[in-house]
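Let me begin by presenting the structure, written as structure tokens, before commenting on it.
The structure presented is a predicted model; accordingly, all values stated were derived computationally and were not measured. Keep in mind that the numbers below use all heavy atoms, side chains included, and drop hydrogens, waters and symmetry copies.
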Amino acid sequence: MSGLRTVEEQLERVLAAVRPLEAHVVPVPAAIGRTLREPLRAAVDIPVFDNSAMDGFAVRFADVADASPDRPARLQVVADLPAGTALDPALRAGQAARIMTGSPVPTAADAIVPFEDTAGGLADSLGEIEVRHAPAAVGAHIRRRGGDARTGDELLPAGVALGPLQLAAAAAAGVAEVVVSRAPRVIVVSTGSELVAPGLPLTHGQIPESNSELLAGLVAEAAGEVVLRTTVADDGDGPARIVAEAGRLGADVVVFSGGVSAGAYEVVKNTLGEVMEFARVAMQPGKPQGFGATAGGVLLFGLPGNPVSAAVSFEVFVRPALLALQGRSDLERPRMLLPAASAWRTPPGRRQYLPAVIDRTDPARWTVAPATGGGSASHLAGGLARAQAWAIVPAETAEVAVGDAVEVMLR
Ligand SMILES: Nc1nc2c(c(=O)[nH]1)N[C@H]1C(S)=C(S)[C@@H](COP(=O)(O)OP(=O)(O)OC[C@H]3O[C@@H](n4cnc5c(N)ncnc54)[C@H](O)[C@@H]3O)O[C@H]1N2
Ligand code: MOO
């Protein structure tokens, strides 16, 4: 199809307009979902000290090296070391300390014997014990100081998203505060005089408004903060009023949906032509795209109004921009090649982004299929509910056959 811009060209224009937001210091519990802007370095060693991996006895390996059920080694227990103890008892030949998992190993000990390897176990553990099984080697069941990370080691580079695993590592490394990006502030605007809040009665020609639900949720998934969510009519100066409001609210991004194609009442296209460029992109759905920035740097997206078009356009253009604003190093969703479970036709000359389901019954052979009976028709908002991924089919491909390897963007 002639005169269409590639997805890559459009995305390049979008990303060229992105200026990363300020970074600030927040306490670790407030950093969930934020993007790290300075490397995370360990403030203490992990583990902090040599400690026991088992409940049992700290011993001198030489005392128990030959222990067996027939010839058990007898040791005298001279100390008890619960977790949190500050003790470091001396152990002479033939002596042991009872020790719990996580307790500091005495300097004089060089192996741990679990309760299970003694005759009396926990029940008989504070007087004399009989070790019936020798530890495998010096150091058995001892978790060494710094074995995981040393003070000052980089645990995470800047640019990664902080989830529960990353924040737990920060806490374990003794870190109380991290430097993260602030959340992008986003305004979500639906356009259309036919739109009515879901649940309200509909007169002829009216439909429930659903794009703001979609886009606000996608913004939140991308760690953005929706500061205003509203609908404007197909006539009047609603979009311009919103752009002015963006300045007052300190918004970073405005996402319009609808009103960008070729009709008589395209309110975004007709009123924001001075701050936005309207292009046709070689993708289906999502062909008509508006994008621009205000003098103050607020990014303005004009997504097509069809619900599937809006969803795809968000994935392809808005989400990468929101992540780039936050300084995220990886702007892409994970992708993989999967065999098609059914055949479908694709639009000529435009890259297809098809709402897809993944059959994960066989873990060694996932397959992909369209989520909607009607293929990629952009109005199928109900079928969108089943979509688990996007199948991406190149512009040159006319149809997908069963078994063809299809690129799939997971979500
Ligand atoms: N003559 C042409 N007509 C169209 C073209 C074209 O190239 N030439 N492109 C088509 C394509 S492709 C798309 S996509 C749509 C995009 O249209 P708009 O972005 O202008 O969107 P609207 O016309 O406002 O709405 C389209 C469709 O989506 C429904 N909609 C809109 N907003 C919402 C919402 N918030 N919640 C639920 N549904 C919404 C709306 O009622 C329409 O049915 O243009 C084609 N036309
Ligand atoms: O681009 Mo439209 O989104 O094909 O339906």
Side-chain angles (χ1 to χ4, degrees), residues 1-11 14 192 207 210-211 214-215 218 257-263 266 278-291 301-320 332-362 364-411:
M1 206 177 281
S2 63
L4 298 190
R5 182 178 285 173
T6 66
V7 171
E8 285 70 24
E9 282 165 353
Q10 181 70 3
L11 181 59
V14 168
I207 62 167
S210 62
N211 283 352
L214 169 81
L215 296 168
L218 291 172
S257 66
V260 298
S261 60
E266 311 292 16
F278 294 87
R280 297 189 316 142
V281 179
M283 58 193 285
Q284 198 278 322
K287 183 178 62 170
Q289 292 291 334
F291 177 72
F301 289 91
L303 311 186
N306 280 310
V308 183
S309 314
V312 168
S313 303
F314 184 96
E315 284 295 337
V316 175
F317 302 117
V318 186
R319 183 175 183 276
E332 297 202 3
R333 299 263 199 199
R335 294 175 185 222
M336 64 193 301
L337 288 178
L338 293 180
S342 61
W344 70 87
R345 295 196 59 76
T346 74
R350 292 155 77 187
R351 182 186 299 165
Q352 184 183 40
Y353 289 85
L354 180 73
V357 287
I358 299 176
D359 184 340
R360 302 175 202 227
T361 316
D362 179 354
R365 194 176 186 276
W366 290 3
T367 60
V368 64
T372 56
S376 58
S378 58
H379 63 288
L380 301 173
L384 206 49
R386 283 189 294 278
Q388 303 163 314
W390 302 101
I392 306 175
V393 185
E396 309 74 51
T397 303
E399 58 189 306
V400 171
V402 173
D404 281 359
V406 176
E407 185 177 5
V408 176
M409 175 165 64
L410 303 175
R411 53 155 288 114

Between the side chain of Arg333 and the main-chain N/O of Met409, is any donor-acceptor distance below 3.5 Å?
no
Partners meeting salt bridge (Lys or Arg N to Asp or Glu O under 4.0 Å) with Arg319 (sequence neighbours left out):
none
What verdict does the side-chain contact (heavy atoms from CB on, under 4.5 Å) test give for Val281 and Phe317, after you've listed the backbone C-alpha separation in whole Å, the side-chain angles of each residue and the deciding distance to 0.1 Å?
CA-CA 11 Å; Val281 179; Phe317 302 117; 4.2 Å; yes
Partners meeting side-chain contact (heavy atoms from CB on, under 4.5 Å) with Ala282 (sequence neighbours left out):
Leu4
Between Arg350 and Arg280, is any pair of side-chain heavy atoms under 4.5 Å apart?
no
To the nearest 0.5 Å, tell me how far Leu354 CG sits from Thr372 OG1.
6.0 Å
At what distance, to the nearest 0.5 angstrom, does CG of Leu384 lie from CG of Leu214?
6.5 Å
Hey, can you pull the donor-acceptor pairs under 3.5 Å for the side chains in residues 388-407, sequence neighbours left out?
from, atom 1, to, atom 2, distance (Å)
Gln388, OE1, Ile358, N, 2.5
Asp404, OD2, Ala401, N, 2.8
Glu407, OE2, Arg335, NH1, 3.0

Does the side chain of Asp359 come within less than 4.5 Å of Val357's, by heavy atoms?
no
Kindly indicate whether the side chain of Val316, heavy atoms from C-beta on, has any atom under 4.5 Å from the side chain of Val7.
yes
Partner set under salt bridge (Lys or Arg N to Asp or Glu O under 4.0 Å) for Arg5, not counting sequence neighbours
Glu277
Kindly compute the distance separating CG (Leu303) from CZ (Phe314), expressed to the nearest 0.5 Å.
8.5 Å
Could you tell me whether a side-chain N or O of Asp362 sits under 3.5 Å from a main-chain N or O of Ala364, the two making a donor and an acceptor?
yes
Other residues, nucleotides and ligands only: do more than 12 of their heavy atoms fall within 6.0 Å of CZ on Arg360?
yes
Residues forming a salt bridge (Lys or Arg N to Asp or Glu O under 4.0 Å) with Glu266, sequence neighbours excluded
none
Mind checking side-chain contact (heavy atoms from CB on, under 4.5 Å) for Pro304 and listing every partner two or more places apart, or none if nothing turns up?
Val260, Pro288, Gln289, Ser309, Ser313
With sequence neighbours excluded, residues passing side-chain contact (heavy atoms from CB on, under 4.5 Å) with Ala381
Pro307
Residues which pass side-chain hydrogen bond (donor to acceptor under 3.5 Å, both in side chains) with Thr346, listed by chain and number, not counting sequence neighbours:
none
Phe301: which residues meet the ring pair (Phe, Tyr, Trp, His ring centres under 6.0 Å) condition with it, sequence neighbours left out?
Phe291
Do Arg411 and Leu218 pass the side-chain contact (heavy atoms from CB on, under 4.5 Å) test, and can you show the C-alpha distance, the side-chain angles, and the key distance before you say yes or no?
CA-CA 11 Å; Arg411 53 155 288 114; Leu218 291 172; 3.7 Å; yes
Taking C-beta and beyond as the side chain, do Ser257 and Leu215 meet within less than 4.5 Å on heavy atoms?
yes
So do the side chains of Pro320 and Leu11 get within less than 4.5 Å of each other, counting heavy atoms only?
yes
